[in-house]
Amino acid sequence: MPELPDLQVFSKNLVKTFVGKTLKTVSVRNKKKLKVSVSKLKRSLEGQKLLDIRRVGKELHFEFSGGEILGLHLMLRGKLVKFEVENNAKYTIVELLFADDTGLAMTDFQGQANATLNPEPRDAPDAMSREMNLAFLKDQLSKSKAIVKNVLLDQHIIRGIGNAYADEILWDARISPFSVSNKIPEFGVKALLRSIKRVLQKAEKSILKNHPNIISGEVRDFMLVHNPKTESSPTGAPIQVKSAGSRKTYYTREQKLFK
DNA sequence: AGAAATGTTGCGCT
DNA sequence: AAGCGCAACATTTC
C-alpha cells in the first residue's frame with residue numbers, strides 16, 4: 001500500500017519512537033514468507049539495541065547493534081501497529097517488543113508482508129539516491145525496449161517507485177507512460193529524472209507536514225492524475241485511464257509519446 | 001454492498 | 001528471448 005514517500009516518513013517517525021531501545025523479543029506469528037529459522041532470527045536480534053531505521057527501496061531496514069538488519073516489506077496491504085506490553089492486532093506477521101514494553105507489529109490480512117534477516121544488498125539504486133542520476137537513467141533507458149512506466153516500476157532497475165507515483169512522475173515530466181524507453185531523447189530523460197526527484201520529494205514533505213506521526217497507511221489525496229476523483233489534470237486535459245489487470249495507469253494527452 | 005486498491009512472483013503467450 | 005499480461009495472495013475499506 002504505502003509507496004516510497006509514505007515509507008520514508010514512516011521510517012522517520014519510527015526512529016523517533018524506537019531507536020535507542022533494546023529489543024526484548026521478536027515473535028513470528030506467520031512464518032510463511034520468513035526465509036530464516038525463527039531461532040536464528042531470535043538469536044541474531046534479541047538483546048540488541050536498535051541503532052537506526054532506514055527506508056531502502058520499498059523495505060524498511062532495522063539496524064541492530066550486533067550488525068544484523070531486520071528488513072520489513074509491507075507489500076500491498078501490510079500495516080505497522082504500535083502496541084504496549086501486548087500485541088492484539090489481527091493478522092500479525094512479526095512483532096518486536098522492546099525492553100520498555102513498547103512494541104511494533106507488522107500485520108497483513110493477505111499474509112504477503114514479509115520479514116528478512118540481513119536482506120541481500122541489491123545493485124539497483126534507490127530512486128532518491130545519488131546513484132540515481134542522469135548517466136544511470138540514460139544508460140538504463142537506452143538498453144530497454146520496454147515501455148517507460150515498466151522500467152520505472154522494475155525494482156531490479158530502480159528501487160522504490162510504485163504504480164501511483166510512476167503515473168505522477170510521468171505526468172510531471174509530460175512523458176507518456178507508453179513511450180518506448182530507448183526512444184526517449186536526452187531532454188526527455190533529463191525531464192524524467194527531475195520529475196522523479198521532485199515528485200517524490202514533494203510528496204514526502206507534504207505527508208510529513210499533514211500527517212506528522214503516521215506509521216501506516218498511505219496518503220495520496222494530493223495526487224494530480226493518479227486519482228480516481230479527478231477528471232482533468234491541473235492544466236485542463238482530461239485524464240485517461242488504462243487498466244492492466246487490477247492496476248491502472250492514469251495519464252493525459254499532454255504527455256509526449258516517444259516510439 | 002460491491003468494487004477497488006497496492007507489490008511481487010511466476011507462468012504462458014507473442 | 002525480451003517484454004507484456006494475467007493470476008494469485010485473501011480481506012478491508014470506501
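Naming convention: chains lettered A, B, ... in sequence-line order (proteins, then strands); numbering from 1 in each chain.
- Using a 4.0 Å cut-off, some side-chain N or O of A:Lys79 falls inside it from OP1 or OP2 of C:dT13.
- Formation of a donor-acceptor pair under 3.5 Å by the A:Glu168 side chain with backbone atoms of A:His226 is found in this model.
- For B:dG2 and C:dC9, the P atoms lie 22 Å apart once the distance is rounded to whole Å.
- Contact annotation: A:Lys32 reaches the phosphate of C:dA10 (side-chain N/O to OP1 or OP2, under 4.0 Å).
- One finds no side-chain N or O of A:Lys145 lying less than 4.0 angstrom from the OP1 or OP2 phosphate oxygen of C:dG3.
- The 5' end of DNA chain B is approached more closely, in terms of each residue's nearest nucleotide, by A:Lys248 than by the other of A:Leu153 and A:Lys248.
- Taking side-chain N and O atoms only, A:Lys33 has no distance below 4.0 Å to OP1 or OP2 of C:dC9.
- Using a 4.0 Å cut-off, some side-chain N or O of A:Gln155 falls inside it from OP1 or OP2 of B:dT8.
- A:Tyr91 has a side-chain polar atom (N or O) that falls below the 4.0 Å cut-off from OP1 or OP2 of C:dT12.
- Summarising the geometry, the separation between CG on A:Leu80 and C1' on B:dT6 is reported as 15 Å, rounded to the nearest angstrom.
- Under the 3.5 Å distance criterion, with hydrogens and angles disregarded, no donor-acceptor pair is assigned to the side chains of A:Glu63 and A:His61.
- In this entry the distance linking CE of A:Met75 with P of B:dG10 reads 11 Å, nearest Å.
- Where A:Ser144 and A:Gln112 each meet DNA chain C at their nearest nucleotide, the meeting point lying more 5' is that of A:Ser144.
- Panel note: side chain A:Asp108, backbone A:Ala113; a donor-acceptor pair is recorded below 3.5 Å.
- In this model, the phosphate group of C:dT12 is approached by a side-chain N or O of A:Lys90 to a distance below 4.0 Å at OP1 or OP2.
- Both tests do not hold together for A:Lys12 against A:Phe10: distance to the six-membered ring centre under 6.0 Å, angle to the ring axis within 45°.
- The separation between A:Leu141 atom CG and C:dA2 atom P is 18 Å, rounded to whole Å.
- Residue A:His73 has no polar side-chain atom (N or O) positioned under 4.0 Å from OP1 or OP2 of B:dG7.
- Using bins of under 30°, 30° to 60° and over 60° for the plane-to-plane angle, the ring pair A:Phe258/A:Phe187 lands in the perpendicular bin.
- Between the CG atom of A:Asn227 and the C1' atom of B:dA4 there is a distance of 14 Å, given to the nearest Å.
- Where A:Ser243 and A:Gln110 each meet DNA chain C at their nearest nucleotide, the meeting point lying more 5' is that of A:Ser243.
- Here A:Arg220 reaches the OP1 or OP2 of B:dT6: one of its side-chain N or O atoms lies under 4.0 Å away.
- Remark: P of B:dG7 and CD1 of A:Ile157 are 16 Å apart, rounded to the nearest angstrom.
- Rounded to whole Å, atom C1' of B:dG7 lies 13 Å from atom NE2 of A:His226.
- Note on A:Asn163: every side-chain N or O is 4.0 Å or more away from OP1 and OP2 of B:dG7.
- As rounded to whole Å, 9 Å separates atom C1' of B:dT9 from atom NE2 of A:His156.
- Using a 4.0 Å heavy-atom criterion, one finds that A:Gly111 contacts no nucleic acid atom at all.
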Q) What do the steps show when you test A:Lys259 against A:Ser179 for side-chain hydrogen bond (donor to acceptor under 3.5 Å, both in side chains), and what is the final call? A) CA-CA 6 Å; A:Lys259 55 183 271 188; A:Ser179 291; over 6 Å; no
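- Both distances falling under 3.5 Å, in either a Watson-Crick or a G-U wobble arrangement, occur for no nucleotide opposite B:dT6.
- Note on A:Asp221 versus A:Lys229: no salt bridge recorded, every NZ/NE/NH1/NH2 to OD/OE distance being 4.0 Å or above.
- Between B:dT9 and C:dA1, the two P atoms lie 23 Å apart (nearest whole Å).
- Comparing the C1' positions of C:dC14 and B:dT6 gives a spacing of 15 Å, expressed to the nearest Å.
- Across all strands shown, C:dA10 has no partner, as no Watson-Crick or G-U wobble contact with both distances under 3.5 Å is found.
- Across the protein-nucleic acid pair, A:Lys35 atom NZ and B:dT9 atom P stand 8 Å apart, rounded to whole Å.
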